[in-house]
Structure formats: C-alpha cells, structure tokens
Amino acid sequence: MENPEVEKGKSHIIVEIIQYIPNAVLSKTIIKKTTGNITASSFDAGEEVSEKASPFDNYIQIIDGTAEIIINGKINKLTLGQGIIIPAHARHSFNANVQFKMISTIIKSGYED
C-alpha cells in the first residue's frame with residue numbers, strides 16, 4: 001500500500017509534488033492528522049470546485065499560476081506566492097481560468113476556545 005503522505009525527513013520541491021492532469025483537479029496529501037491536514041492540489045484550466053463550506057479555517061497559498069477563489073460571493077484573484085485564509089463556515093469555490101497549483105492547510109484544533 002502506498003503511503004498517502006509525502007515522505008518525512010526528505011526534502012522536496014513543493015510545486016513538483018503534484019502534476020497537472022488534463023481536464024482534472026488533482027490532490028495529494030502532504031500531512032493528514034486528526035488535528036488538521038496539508039494538501040497540494042492542481043487545477044487544469046477550465047476546472048472548478050463548486051461552492052462548499054468547512055467548519056475550519058483554511059489557509060490557501062498559490063504555488064503556481066493564478067487562482068480565482070470566491071469567498072462568500074467575493075472574487076479573489078491570487079497569483080504565485082499569494083495566500084488567503086478562508087474563514088470557517090464561509091461559502092467558497094475555486095475557478096481555474098488558467099492552470100494553478102495550491103497548498104491548503106487546515107488546522108482543526110483551537111476551536112474549543
């Protein structure tokens with residue numbers, strides 16, 4: 001069985017962890033724990049992820065290309081190196097007008113406060 005996470009203790013180039021697949025959105029788990037996870041995703045041009053909400057804050061950082069992230073109806077265009085926090089419970093979606101790759105970091109702890 002293949003380990004779903006990236007190998008620990010071994011350096012990597014983050015943008016090379018995931019490739020573009022024609023007409024697809026692809027995701028690869030970097031770290032997955034009960035307290036949160038980090039995922040790399042690639043979006044081919046023309047792809048989208050329909051509106052949804054998460055009970056946790058989600059930090060998004062663009063590692064290639066340009067993304068359109070809609071949060072509670074507001075369009076945010078993010079380019080290479082930019083990041084944004086999608087607040088817990090916010091309605092959000094992703095559009096790939098051009099190819100892009102992103103890192104998503106969700107931390108599930110700390111909501112007990």
Side-chain angles (χ1 to χ4, degrees):
M1 184 172 124
E2 182 186 336
N3 185 338
E5 294 184 356
V6 170
E7 187 177 342
K8 295 176 182 164
K10 183 179 177 188
S11 68
H12 58 268
I13 298 172
I14 194 67
V15 75
E16 294 177 359
I17 277 184
I18 195 161
Q19 303 305 314
Y20 289 111
I21 303 294
N23 306 307
V25 175
L26 189 65
S27 292
K28 179 169 178 58
T29 301
I30 298 173
I31 298 173
K32 185 172 183 68
K33 304 290 180 207
T34 55
T35 53
N37 55 63
I38 301 172
T39 307
S41 299
S42 68
F43 290 68
D44 193 25
E47 295 301 306
E48 61 182 48
V49 173
S50 56
E51 189 175 69
K52 61 182 178 179
S54 167
F56 310 107
D57 289 343
N58 184 355
Y59 179 70
I60 303 294
Q61 183 176 10
I62 305 307
I63 58 170
D64 190 44
T66 302
E68 185 177 272
I69 303 171
I70 299 141
I71 303 172
N72 289 330
K74 181 179 184 284
I75 297 172
N76 301 275
K77 289 194 185 283
L78 275 70
T79 58
L80 176 64
Q82 289 186 307
I84 194 167
I85 298 171
I86 300 171
H89 308 291
R91 302 296 301 168
H92 63 279
S93 60
F94 299 90
N95 291 328
N97 297 318
V98 296
Q99 286 184 329
F100 76 90
K101 294 180 184 179
M102 69 180 199
I103 299 295
S104 167
T105 304
I106 297 173
I107 298 172
K108 298 179 181 178
S109 59
Y111 287 87
E112 306 82 14
D113 301 25

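Every value quoted in this text rests on a predicted model; they were computed, and no experiment measured them.
S41 is listed as a side-chain neighbour of S27, based on a closest heavy-atom distance under 4.5 Å. Counting heavy atoms from C-beta outward, P55 and H89 have side chains that approach closer than 4.5 Å.
No donor-acceptor pair under 3.5 Å is formed between the side chain of D64 and the backbone N or O of F100. Judged by distance alone, the side chain of N76 and the main-chain N or O of I69 form a donor-acceptor pair under 3.5 Å. The backbone N or O of S104 lies less than 3.5 Å from no partner atom in the side chain of T39, so there is not a single donor-acceptor pair.
Across all their heavy atoms, H92 and S54 have their closest contact at CE1-N, 4.1 Å. Nearest heavy-atom pair, A40 versus I103, reported as atom, atom and distance to 0.1 Å: CB-CD1, 3.7 Å. D44 and I21 get closest at one heavy-atom pair: CB-O, 3.4 Å. In plain terms, the two heavy atoms of K28 and I18 that are nearest each other are N-CD1, 3.7 Å. Considering all non-hydrogen atoms of both residues, G83 and L78 come closest at C-CD2, 3.7 Å. For the pair G81 and Q61, the tightest heavy-atom approach, listed with the atom from each and the gap, is O-NE2, 3.6 Å.
In this structure, CG on N97 lies 9.5 Å from CD on E48, to the nearest 0.5 angstrom. Here the NZ-CD1 distance, from K32 to I38, works out to 12.0 Å after rounding to the nearest 0.5 Å. In this structure, K77 NZ and I70 CD1 are separated by 8.5 Å, a value rounded to the nearest 0.5 Å.
Under the 4.5 Å side-chain contact rule for hydrophobic residues, I31 and I14 share a cluster. The hydrophobic clustering, which links ILVMFWY residues whose side-chain heavy atoms are closer than 4.5 Å, places V49 and I60 together. Neither Y20 nor M102 shares a network with the other; the hydrophobic side chains, linked directly or stepwise wherever heavy atoms of I, L, V, M, F, W or Y lie under 4.5 Å apart, form separate groups for each.
For T66 and T79, the side-chain atoms include no donor-acceptor pair closer than 3.5 Å.
With I84 as the partner, the side-chain contact (heavy atoms from CB on, under 4.5 Å) test is satisfied by one option alone out of I62, I71, N58: I71.
Surrounding CD1 of I85 are at most 12 heavy atoms belonging to other residues, nucleotides or ligands under 6.0 Å away.
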- [ ] Could you go through the side-chain contact (heavy atoms from CB on, under 4.5 Å) check for E68 and I75 one step at a time?
- [x] CA-CA 7 Å; E68 185 177 272; I75 297 172; 3.6 Å; yes
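Aromatic ring pairs are classed by plane angle as parallel below 30°, tilted from 30° to 60° and perpendicular above 60°; the pair F43 and F94 is tilted.
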